[in-house]
Engineer: 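This structure is in structure tokens; I'll ask about it shortly.
We're numbering straight along the sequence, starting at 1. Every value quoted in this text rests on a predicted model; they were computed, and no experiment measured them.
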Amino acid sequence: MSEIDPKIEALVPTWMYLPDISELWGVEVTRVRQMVKEGDLIAVRRGENNALQVPAAFISEDKPVKGLIGTLTVLRDSGFSDEEALEWLFTEDPTLPGTPVQALRENRGTEVKRRAQAMAV
């Protein structure tokens with residue numbers, strides 16, 4: 001959990017508060033907080049109230065977007081900070097095409113994870 005970097009703010013179009021995610025998923029907000037603590041989601045403090053928020057693109061109807069948790073693990077294992085992971089996930093890649101997070105949302109997680117693993121080399 002960290003403060004929002006202006007570069008990340010410009011890359012990530014929409015954010016969700018933790019209570020909104022818990023309501024969408026039908027779980028206690030403590031469960032969403034635990035997911036952030038365990039590294040299954042990335043949250044940053046932003047806005048007037050400096051409240052924790054997660055990129056909306058990470059959230060599907062009932063859980064994190066398929067492939068996100070594994071991709072975050074690979075990126076962290078490669079030495080990426082949360083800010084660097086957010087930047088990588090939301091930066092346009094013309095060879096993909098689109099952004100890695102868009103590819104995850106389109107069920108192209110294998111390719112995203114392969115590229116994340118290549119970052120470690």
Engineer: Side chains of Gln102 and Glu106: do they bring a donor and an acceptor to under 3.5 Å?
Structural biologist: no
Engineer: So how far is it from Ile69 CD1 to Leu104 CG, rounded to the nearest 0.5 Å?
Structural biologist: 11.0 Å
Engineer: Is there side-chain contact between Phe90 and Pro13, with at least one heavy-atom pair below 4.5 Å?
Structural biologist: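 Of all side-chain heavy-atom pairs linking Pro13 with Phe90, at least one is under 4.5 Å.
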Engineer: Please name the pair of heavy atoms, one in Leu41 and one in Arg76, separated by the smallest distance, quoted to 0.1 Å.
Structural biologist: O-NH2, 4.2 Å
Engineer: Find out whether Gln117 and Thr71 are in side-chain contact, i.e. whether some heavy atom of one side chain is under 4.5 Å from a heavy atom of the other.
Structural biologist: no
Engineer: Under the 3.5 angstrom rule, does the side chain of Arg45 hit a backbone N or O of Asn50 as a donor-acceptor pair?
Structural biologist: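 Yes: the side chain of Arg45 pairs with the backbone of Asn50.
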Engineer: Would a hydrophobic clustering, with Ile, Leu, Val, Met, Phe, Trp and Tyr connected at side-chain separations under 4.5 Å, put Ile21 with Tyr17?
Structural biologist: no
Engineer: Side chains of Thr99 and Leu89: does their closest heavy-atom pair fall under 4.5 Å?
Structural biologist: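 Contact flag for Thr99/Leu89 side chains = no.
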Engineer: Using 4.0 Å as the upper bound for N to carboxylate O, is an ion pair formed by Arg114 and Glu111?
Structural biologist: yes
Engineer: Looking only at heavy atoms, which two atoms of Ala85 and Leu72 are closest? And how far apart?
Structural biologist: CB-CD2, 4.5 Å
Engineer: Under the criterion side chain to side chain contact (heavy atoms under 4.5 Å, CB included), I'd like the reasoning laid out for Arg108 against Leu96: C-alpha separation, chi angles, the key distance, then a yes or no.
Structural biologist: CA-CA 10 Å; Arg108 296 187 286 141; Leu96 204 45; 4.2 Å; yes
Engineer: A quick test of your reading: do over 12 heavy atoms of other residues, nucleotides or ligands sit less than 6.0 Å from CD of Glu23?
Structural biologist: no
Engineer: Between Lys66 and Asn107, is there a side-chain heavy-atom distance shorter than 4.5 Å?
Structural biologist: yes
Engineer: Under the salt bridge (Lys or Arg N to Asp or Glu O under 4.0 Å) test, which residues partner Glu87, sequence neighbours left out?
Structural biologist: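 Glu87: salt bridge (Lys or Arg N to Asp or Glu O under 4.0 Å) contacts with Lys7.
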Engineer: Show your working on side chain to side chain contact (heavy atoms under 4.5 Å, CB included) between Leu86 and Val44 and close with a plain yes or no.
Structural biologist: CA-CA 10 Å; Leu86 284 171; Val44 296; 4.1 Å; yes
Engineer: Side chains of Arg115 and Trp88: closer than 4.5 Å at any heavy-atom pair?
Structural biologist: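 Of all side-chain heavy-atom pairs linking Trp88 with Arg115, at least one is under 4.5 Å.
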Engineer: Is any side-chain heavy atom of Arg33 closer than 4.5 Å to one of Leu52?
Structural biologist: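 Sidechains of Arg33 and Leu52: in contact.
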Engineer: What is the minimum heavy-atom distance between Val32 and Val27, and which atoms define it?
Structural biologist: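 Looks like CG2-CG2, 4.0 Å.
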Engineer: Counting heavy atoms not belonging to Glu28, are there more than 12 under 6.0 Å from its CD?
Structural biologist: no
Engineer: From Leu18 CG over to Arg31 CZ, what is the distance, rounded to the nearest 0.5 angstrom?
Structural biologist: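 One finds 12.5 Å between CG of Leu18 and CZ of Arg31.
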Engineer: Quick check: closest heavy atoms across Ala116 and Ser78, and the distance to 0.1 Å?
Structural biologist: O-OG, 3.9 Å
Engineer: Could you list the donor-acceptor pairs under 3.5 angstrom formed between side-chain atoms of residues 53-65 and any protein atom two or more places apart in sequence or on another chain?
Structural biologist:
{"unit_1": "Gln53", "atom_1": "OE1", "unit_2": "Arg46", "atom_2": "NH1", "d": "2.7"}
{"unit_1": "Gln53", "atom_1": "NE2", "unit_2": "Arg46", "atom_2": "O", "d": "3.4"}
{"unit_1": "Ser60", "atom_1": "OG", "unit_2": "Lys63", "atom_2": "O", "d": "2.6"}

Engineer: So which heavy atom on Val112 is nearest to which on Pro100, and how close?
Structural biologist: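 What the structure gives for the nearest pair is CG2-O, 3.5 Å.
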Engineer: Within the side chain of Glu84, is there an N or O that forms a donor-acceptor pair under 3.5 Å with the backbone of Ser81?
Structural biologist: yes
